[in-house]
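Quick notes on the structure that follows.
All of these numbers come straight from a predicted model, not from anything done at the bench.
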2 protein chains.
Amino acid sequence: MATHQTTIIDIARALGISKSTVSRALTGHPNVNGKTRQRILDMAAQVDYQRNQLAISLLTNRTGTVGIIVPEFISYFFPKVIIGAQEELARSGYNVVICHSNESYETEVSNAKALLASRVDGLIVSHTKETRNFDHFKIFQRKGIPVVFFNRVCEDMNVSNVTVDDYNGAFLAVEHLIQTGRRRIAHLAGPDTLTNSRNRLNGYRDALTRYGIPVDPELIISYDLNLDKANIYVNHLLNLPNPPDALFAINDPTALEALSVAKRRGIRVPDDLALIGFSDDPISAVIEPGLTTISQPVTELGQQAAQVLVRQLLTKEDEFQPERVVLPTNLIIRGSTVK
Amino acid sequence: MATHQTTIIDIARALGISKSTVSRALTGHPNVNGKTRQRILDMAAQVDYQRNQLAISLLTNRTGTVGIIVPEFISYFFPKVIIGAQEELARSGYNVVICHSNESYETEVSNAKALLASRVDGLIVSHTKETRNFDHFKIFQRKGIPVVFFNRVCEDMNVSNVTVDDYNGAFLAVEHLIQTGRRRIAHLAGPDTLTNSRNRLNGYRDALTRYGIPVDPELIISYDLNLDKANIYVNHLLNLPNPPDALFAINDPTALEALSVAKRRGIRVPDDLALIGFSDDPISAVIEPGLTTISQPVTELGQQAAQVLVRQLLTKEDEFQPERVVLPTNLIIRGSTVK
DNA sequence: CTGTTAGCGCCTTCAT
DNA sequence: ATGAAGGCGCTAACAG
């Protein structure tokens, strides 16, 4: 169904002038006779002329497009980050191409290749939980295309990244549990491929240690974030001879799953089991009891990632200094930890 | 920070051969000597060669890219549609560029122009609630670029569209309310710029009429879907001298807002007021009481839109016949209508 | 103020 | 099996 689209040559021919003049009129170049310009603009409007961005990009070696790769966008988190980034990028005149890797390493690689082929000017990424090899992102670096990681970052690449303070968030969460009287605090952690999982785990450990509570490896379970399996691990914890009196989950969906298991087993929350999540999912505010959680400035995460990228886009390659932005996290107390 | 990217000319020069041969080797053309081909492929891998899609698209007048414009993507609905569409389009070798208009007519127009400039091969759209003028989409049609509307469609354009059966969904919802004993059934409707709002309103009216219940205009309120205002309308309805005993809301977020108002006012749901929504938002399943609602096959909506578009992409322009796909809706009964 | 020319990176005839 | 040449649509010198 491909058809010929009107070009500046068509307009030039129709008006009996050269395509240079048409180009100048259309781009607002001053050196064009007023009347000629008007004739050209009228004709362009009449035939629905739209500049061919492909040709311009090919010529200028700039697409004005930034790629964003996220592992998923069903949960409210990534869409909100994207919106923040997009607003900010639009302000600087950039378009956005969104790819979702669906938590698949292979898809992520193919996304990266496609963005490279379409010549994006920069890249914003949160990688999949399967990603251990970052070669597909290193190509961008080698070609001088700025890359900014957010949320899940790559520590052995010399690139900018924007995160929230996962360590402190986890620390606050566990501290809160301790201060409300819990002593056997379990942690249902994420995979150790993810920086944020590791940081949250460290925050959990340090909070316990800080308050003189021994870290019991039996109470720490790492899992792959496949929600179907969360209930297995929760049940396992609750079946221990000496079960936990509190659970800090890697994220809200996991905590909500735990809440549902507890309800099914007739375990009272927060009396018998206190629950705390991470991310402040919209559901956490409406469920009964409300889920205590750690909130993070989601939209700002996207904005900051975009700002860091734009700054880098304006920097000469030899002056590049990677930036590390860390945004604060907050404890939101609800009914799953206190009455 | 723009740098030179490796081209086939660089490879050709390095190997002392012509760029034609390099091009042939890279595209898998048979007429290339086996050894030469291998040398070329090795060199390409070594220098991270990535084909320049811009140049190819310019040459072939095909980008292999489809644009999707949605009014928002915070709610679970549009992301899920996009995922469905993307999977299906990927299967046919198309990439996707996602734009969100943020329910703003102006942004939508500018999105459409940008997609036109970047020469997408096709367009999938759900328009904003402000959109009354569809000229920016008609340009695509005139240029022979297929457009498929979904969810919110444009009735006076001769294009394909994919929707769910809003009319029947609304009918089922109201019928359910009637069959559970309600007689004063209010409808908090959406703006009449949206086809789905209008269809749901018609389903509501017809169900009442069908069961011999007079349609009371006092019980029908159209609003702009700005959730902050929903509670005003709900309160207004509940303050009527003869208040409703049931409310059918245009969508789940609106119904959930109504539920929260009812709770605040001490009105018992479902005893004093039955509530029913539309769309089966994830929150509706977890809230207390659960929200009765109309579910729709969201991912399939995206898949179908993509399939219709791909078919059209393969059709000659003079053989084009617009398709109208309507997917079924289902009543999901929860605690907000029955004990 | 306007036209001519070159070239961005690639594929595709047309020769050889 | 390979090379040379043309052109996709556009902008940017360079002439006039």
Side-chain angles (χ1 to χ4, degrees), chain A residues 2-41 43-44 47-65 114 116-121 143 145, chain B residues 2-41 43-44 47-65 114 116-121 143 145:
Chain A
T3 328
H4 174 76
Q5 300 236 26
T6 326
T7 71
I8 53 170
I9 299 186
D10 297 324
I11 296 181
R13 242 195 301 256
L15 262 39
I17 55 182
S18 84
K19 60 175 184 167
S20 308
T21 305
V22 177
S23 169
R24 278 190 279 260
L26 258 22
T27 52
H29 193 94
N31 282 351
V32 183
N33 178 293
K35 280 187 187 160
T36 314
R37 154 166 292 134
Q38 201 49 57
R39 283 175 62 214
I40 294 170
L41 294 181
M43 176 64 78
V47 298
D48 289 329
Y49 172 79
Q50 287 294 333
R51 53 195 306 203
N52 187 330
Q53 189 57 49
L54 298 169
I56 299 173
S57 298
L58 182 59
L59 198 59
T60 58
N61 199 24
R62 261 195 91 255
T63 54
T65 299
L116 215 41
S118 66
R119 296 296 190 264
V120 292
D121 294 337
K143 291 187 184 288
I145 302 170
Chain B
T3 328
H4 174 75
Q5 301 234 28
T6 325
T7 70
I8 53 169
I9 300 186
D10 298 324
I11 297 181
R13 242 195 302 256
L15 262 39
I17 54 181
S18 84
K19 59 176 183 165
S20 309
T21 306
V22 177
S23 170
R24 277 190 278 260
L26 258 21
T27 51
H29 193 94
N31 281 352
V32 183
N33 179 295
K35 282 189 186 158
T36 314
R37 155 167 289 133
Q38 200 49 56
R39 285 174 62 216
I40 293 171
L41 294 181
M43 175 63 78
V47 298
D48 289 330
Y49 172 79
Q50 288 293 333
R51 54 196 306 203
N52 187 330
Q53 190 55 51
L54 298 170
I56 298 172
S57 298
L58 183 58
L59 198 60
T60 57
N61 199 25
R62 261 194 92 255
T63 54
T65 299
L116 217 39
S118 66
R119 295 297 189 266
V120 292
D121 293 338
K143 291 188 186 287
I145 303 170

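- The phosphate of C:dC10 (OP1 or OP2) has a side-chain N or O of B:Y49 nearer than 4.0 angstrom.
- Here C:dC10 presents its P atom at 11 Å from CG of B:L59, a figure rounded to the nearest Å.
- Residue B:N31 is in base contact, counting any heavy-atom pair closer than 4.0 Å across all strands shown.
- Within the 4.0 Å cut-off from OP1 or OP2 of C:dT2, at least one side-chain nitrogen or oxygen of A:T36 is found.
- Distance alone, capped at 3.5 Å, places no donor-acceptor pair between the B:R51 side chain and the B:L26 backbone.
- Put simply, CG on B:L58 is 12 Å from C1' on C:dG7, counting in whole angstrom units.
- Looking at which nucleotide of DNA chain D each of B:G16 and A:I56 is closest to, the 5′-most match is held by B:G16.
- Bracketed by its first and final contacts, the part of DNA chain D lying under 4.0 Å from non-hydrogen atoms of chain B reaches from D:dA1 to D:dG9 in 5' to 3' order.
- Here CD1 of A:I8 is found 6.0 Å from NZ of A:K19. Values are rounded to the nearest 0.5 Å.
- From one end of the helix from C:dC1-D:dG16 to C:dT16-D:dA1 to the other, with five pairs defining each end axis, the axis direction shifts by 50° (rounded to 10°).
- Judged by closest nucleotide on DNA chain D, A:A55 is the one of A:A55 and A:H29 placed further toward the 5' end.
- Nucleic acid contact class of B:T27 (heavy atoms, under 4.0 Å, all strands): sugar-phosphate only.
- In this structure, the side chains of B:I11 and B:I17 stay at 4.5 Å or more apart for every pair of heavy atoms.
- Non-hydrogen atoms lying under 4.0 Å from DNA chain C are contributed by A:I17, A:S18, A:K19, A:S20, A:T21, A:R24, all within residues 17-26 of chain A.
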* Taking it one step at a time, do B:H4 and B:D10 satisfy side chain to side chain donor-acceptor pair (under 3.5 Å)? -> CA-CA 11 Å; B:H4 174 75; B:D10 298 324; 2.9 Å; yes
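- Here CG of B:L54 is found 13.0 Å from CZ of B:R119. Values are rounded to the nearest 0.5 Å.
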